[in-house]
Every structure is written in structure tokens, then in C-alpha cells.
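Since the structure comes first, as C-alpha cells, the remarks are kept for the end.
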Amino acid sequence: MQLFHNPPFRYDRSLSHPPHVVIEQDSTRWPGYNLGRRSASVGFKIMKIVRDVESMKGVLRPFAGRRVGLVPTMGALHSGHLSLVHEMKKHADVVVLSIFVNPLQFSPGEDYEKYPRCEEEDCKKCADAGVDVVYIPSVEGMYPDGFSTGVDVGPMARELCGASRHNFINGIMVVLIKLVMQTNAHCMILGEKDYQMLCLTRKLFRDLNIGVDVLQGDTVRSPEGLALSSRHKYLNGAEIAKAGFLYKFLLEVGKNLSDAPDDQQEIITRGKLRLEQEGFKVDYLEVRDNNTLERIQTFSRPARVFLAVNLGCCRLIDNILLA
Ligand SMILES: Nc1ncnc2c1ncn2[C@@H]1O[C@H](COP(=O)(O)OP(=O)(O)OP(=O)(O)O)[C@@H](O)[C@H]1O
Ligand SMILES: CC(C)(CO)[C@@H](O)C(=O)[O-]
Ligand code: BAL
């Protein structure tokens, strides 16, 4: 599929695979979009865009022995994603950012088709942030005919987001295994905003002895506190302003729980009512153990408050750690 109709890129003919597979951004035609800002002595001077599963490993061959850091995303990049890139640059010699809207993690009726796709803009942001390789595999490349393998990380995949999004967690686990294998990543970074995914990915890698470090990136928020999300493209200005309420709400719930830990049930019931009154449709508001994600009654171990709501046609999630 040709995604850039008049691509401001040139083919990299130094690579052994067909030129249509790997293209390089042309820094002479796009001044400012080479990787001039990078300080590291390793990595590419010109960002590479790889669309082919087979080519991915070849692209990194010159960096054998170097630490490869993977930043998996579904694209429509925002400052949250870019903060993960900046953090990863501290831990890896070569940074690969993947853009793949993974059909496996969506269930029928969810927003797979309409999920925002804006690759050209994303590639510019990546080049500016100093990404070495943008990996944009196709659905056919990732899941060729006959693909049938799945993983199940256990009951926790069916709680929190997994209770309403049945394919969500296990679909992510499959794609993350594939992405780390395809990129030969030594480490990967996931955002705290998707804390259930982060925890269960760590569990998966532990359970299957996959020796890839999973780093945690801080949640980047708007000045009003709204955790940035690609799905904000579904919201209008008034809805964005309304969504800013969620973080203040979480902080308030957190304070109430710290002040009256024995009143958890009442605080949560009242909280859900408040969210509905503010115009949100509540999927869940829950307090869970920070490490196991189990429900907790007492606060003897670190805990986290999680929420998921719908506003218009947009699903929003957030969470905070209870001190
Ligand atoms: N506001 C944010 N701050 C930091 N990291 C984030 C933020 N939002 C998403 N991420 C992280 O970026 C990575 C890629 O996520 P993804 O591409 O699904 O973006 P997203 O904004 O979470 O999309 P959506 O909310 O629409 O599902 C994940 O590890 C995710 O946790
Ligand atoms: C990790 C991910 C890119 C896998 O599709 C995405 O689902 C996410 O960040 O939630
Ligand atoms: N970051 C979450 C990806 C999803 O909602 O499918």
C-alpha cells in the first residue's frame, strides 16, 4: 500500500533489500527533519522508515551489540509518545518507534477503523525527536493468512479495561511479543497511563522469560491535567475542557481515600455518581494493588485508583498512585 503519494523521501540503496521496503527521509528536501539535534554518536543520521517485517532486523545490523530501545505506539503521536522517546534515548543506543494500529486488541464494535491515522505527520515528529527507525508494519505483514497464535496472561486480562474490552490485553500481549522479536529490542517503554497493560506486560515477560526490560514513562498531561491521548481527536473543544475534570477528580478521590481508608466503598460509589452527574459514562472506578492489580480493602501496600469513562464517543482512561 502506498501511503505517501509524493513522498519527500529517498530510497536507501545501501541496503540489501528492495528499495521500496526501506526509505530514508531526505534531509536536503526537508531541512530540519534530519536528526541534527541528536547528541549520541551512535544511531542513524537520517531517520529510517521501515514497513516490512523481514527488513526490520537488517536495518539494525550495523548496530549489532548496541542497545535497542522500542517505543510501541498506535500512531497519532502526541507529547506523551514523544516523552517516551526522550526517556528511551537515555537508556538505548538506537531508538525504534513502532506505529501499528493492532486489530487484535480491538473487539467488534470498537473504533479500530476510525482510529486516527496520520503517518506523515507522525514521521516528522519522530525525526524531530531523534527517533532512529520508525517501524510501520502492515496488518498483512504482522498477521499473514493462517496466523492463529494467542497468549493469555490470566484472569487479570479480563478485569479493569479487559472487562469491557475483551480482546484488549491479550491482543496487546501478542503484538508486543512480535514487536520485540522483530526489532531485537533490549528494552521497551510503556506509559503509566496504560498501567494495566504495563503491569501485565511485565508479568508476561517474567512468566515467559523474555529478557526485555519494560520501562515506565510518566503520564504527560495538558495544563488542565488531562492525560494526553490520541483519541482526543474524537472530542470537540467543549468536551476537551470537560475532560480536564477527570484528573482533579482522581486527586480528590485519592485524598478522600487517604483521609478515610475504611470508607473505600462509599467513596467509590459517590465518585461514580459524581462522574455521571458531570456527564461521563462510567466504565469503572476502582482501587487496586499497585503491583498485583488485585482489589484491596486495606491500604497496607501501595495502591492505585483507576478510572475509565466514555465522553461522547471517546473512551478516556487515567490512574494515580496513592501515596
Ligand atoms: N499521556 C501520555 N503520557 C505518556 N505516555 C502515554 C500517554 N498516552 C499514551 N502513552 C503511552 O504511549 C504508548 C502508545 O500508546 P497509544 O499509541 O495507544 O496512545 P494513546 O494516546 O494511549 O492512545 P489512546 O488513548 O487513544 O488509546 C503507550 O505505552 C501509552 O501508555
Ligand atoms: C502498546 C501498544 C502500542 C500495542 O498496540 C498500544 O496498544 C498501547 O500503547 O496501548
Ligand atoms: N493505549 C490504549 C490502546 C487502545 O486503547 O487500544
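Given the structure is predicted, the values throughout are model-derived calculations rather than measurements. All ligand and atom numbering here is 1-based and tracks the order in the structure. By convention here, the first residue in the shown sequence is residue 1.
In this structure, the protein non-hydrogen atom closest to atom 6 (O) of ligand 3 is Gln105 NE2, 2.9 Å. When hydrogens are left out, the protein atom nearest atom 31 (O) of ligand 1 is Asp194 OD1, 2.7 Å; that is the closest non-hydrogen contact. The protein non-hydrogen atom at the shortest distance from atom 11 (C) of ligand 1 is Leu84 CD1, 3.6 Å. Taking atom 1 (N) of ligand 3 as the reference point, the nearest protein heavy-atom neighbour is Asp194 OD2, 3.0 Å. For atom 29 (O) of ligand 1, the closest heavy atom belonging to the protein is Gly191 N, 2.9 Å. Among all non-hydrogen protein atoms, the one lying nearest atom 3 (N) of ligand 1 is Val220 N, 2.8 Å. Nearest non-hydrogen protein atom to atom 5 (N) of ligand 1 is Gly80 O, 3.8 Å. Protein heavy atom in closest approach to atom 9 (O) of ligand 2: Met197 CE, 3.5 Å. When hydrogens are left out, the protein atom nearest atom 4 (C) of ligand 2 is Gln105 OE1, 3.6 Å; that is the closest non-hydrogen contact. Of the protein's non-hydrogen atoms, the one nearest atom 9 (C) of ligand 1 is Lys193 NZ, 3.6 Å. Summary of contacts: the protein heavy atom closest to atom 25 (O) of ligand 1 is Ser229 OG, 2.6 Å. Remark: minimum distance from atom 23 (O) of ligand 1 to any protein heavy atom is reached at Tyr115 OH, 3.0 Å.
Residue Asp152 places its CG atom among more than 12 non-hydrogen atoms of other residues, nucleotides or ligands, all under 6.0 Å distant. Annotation for Lys57: atom NZ counts as buried by contact number, over 12 foreign heavy atoms lying within 6.0 Å. Other residues, nucleotides and ligands contribute only 12 or fewer heavy atoms inside 6.0 Å of the NZ atom of Lys203. Within 6.0 Å of CD on Gln277 lie more than 12 heavy atoms contributed by other residues, nucleotides or ligands.
Close approach of ligand 2 to Pro72 (heavy-atom distance below 4.0 Å) involves ligand atoms 3 (C). Each of the atoms 7 (O) of ligand 2 lies under 4.0 Å from some heavy atom of Ile172. Which parts of ligand 2 touch Thr73 is read off a 4.0 Å heavy-atom cut-off, strictly below it: atoms 3 (C). Here is the list of ligand 1 atoms found below 4.0 Å of a heavy atom in Thr219: 3 (N), 4 (C). Atoms of ligand 1 lying under 4.0 Å from at least one heavy atom of Leu190, given by number and element, are 29 (O). For ligand 1, the atoms lying closer than 4.0 Å to a non-hydrogen atom of Leu228 are 1 (N), 2 (C), 7 (C), 8 (N). Taking every non-hydrogen atom of Val175 and a distance limit under 4.0 Å, the qualifying atoms of ligand 2 come out as 4 (C), 5 (O). Ligand-side atoms of ligand 3 in range of Met74: 3 (C), 4 (C), 6 (O), range being under 4.0 angstrom from any heavy atom. Every atom of ligand 3 with a heavy atom of Arg231 under 4.0 Å away is listed here by number and element: 4 (C), 5 (O), 6 (O).
By the 4.5 Å heavy-atom criterion applied to side chains, Arg288 and Arg295 are counted as neighbours.
Tested against Phe306 for a side chain to side chain contact (heavy atoms under 4.5 Å, CB included), the candidates Val287, Asn319, Asp283 yield a single pass: Asn319.
Taking both residues in full, the closest heavy atoms of Ala303 and Ile296 are given as CB-CD1, 3.3 Å, listed atom of the first, atom of the second, then distance. The minimum heavy-atom distance linking Leu70 with Ser98 is given by the pair CD1-OG, 4.0 Å. Across all their heavy atoms, His91 and Cys187 have their closest contact at O-SG, 4.3 Å.
Between Glu266 and Arg270 there is a salt bridge, since a side-chain N of the basic residue sits under 4.0 Å from a carboxylate O of the acidic one. For Asp111 and Arg231, the salt-bridge test passes: some basic side-chain N is under 4.0 Å from an acidic carboxylate O. Comment: Glu278 engages Arg274 in a salt bridge, judged by a side-chain N to carboxylate O separation of less than 4.0 angstrom. Using a 4.0 Å cut-off between charged side-chain N and carboxylate O, Asp132 and Lys89 make no salt bridge.
Figure legend: cation-pi geometry between Arg51 and Phe100 absent, as NZ or CZ is not positioned both under 6.0 Å from the six-membered ring centre and within 45° of its axis. In this structure, Arg221 satisfies the cation-pi test against Tyr247, with its NZ or CZ atom closer than 6.0 Å to the six-membered ring centre and inside 45 degrees of the ring normal. Under the 6.0 Å distance and 45° angle rule, Arg304 counts as a cation-pi partner of Tyr195.
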One pair to check against side-chain hydrogen bond (donor to acceptor under 3.5 Å, both in side chains): Tyr115 and Asn102. What are the steps and the verdict?
CA-CA 10 Å; Tyr115 196 85; Asn102 174 33; over 6 Å; no
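For ligand 1, the polar-atom distance check finds an N/O of Ser230 within less than 3.5 Å of one of the ligand's N/O atoms.
Proximity of His81 to ligand 1, defined as any heavy-atom pair under 4.0 Å, is confined to the side chain (atoms from C-beta onward). When heavy-atom distances to ligand 1 are checked against a 4.0 Å cut-off, Asp218 comes that close only through its backbone atoms N, CA, C and O. At a heavy-atom cutoff of 4.0 Å, ligand 1 is contacted by the backbone of Pro72 but not by its side chain. Under 4.0 angstrom from ligand 3, there are no non-hydrogen atoms of Arg315. Contact annotation for Met197 and ligand 1: only side-chain heavy atoms (C-beta onward) come within less than 4.0 Å of the ligand.
Residue Tyr115 places every heavy atom at 4.0 Å or more from ligand 3.
When Met197, Arg165, Glu110, Lys193 are checked for heavy-atom proximity to atom 4 (C) of ligand 3, Arg165 turns out nearest. When the heavy-atom distances from atom 7 (C) of ligand 1 to His78, Met74, Arg231 are ranked, the shortest goes to His78.
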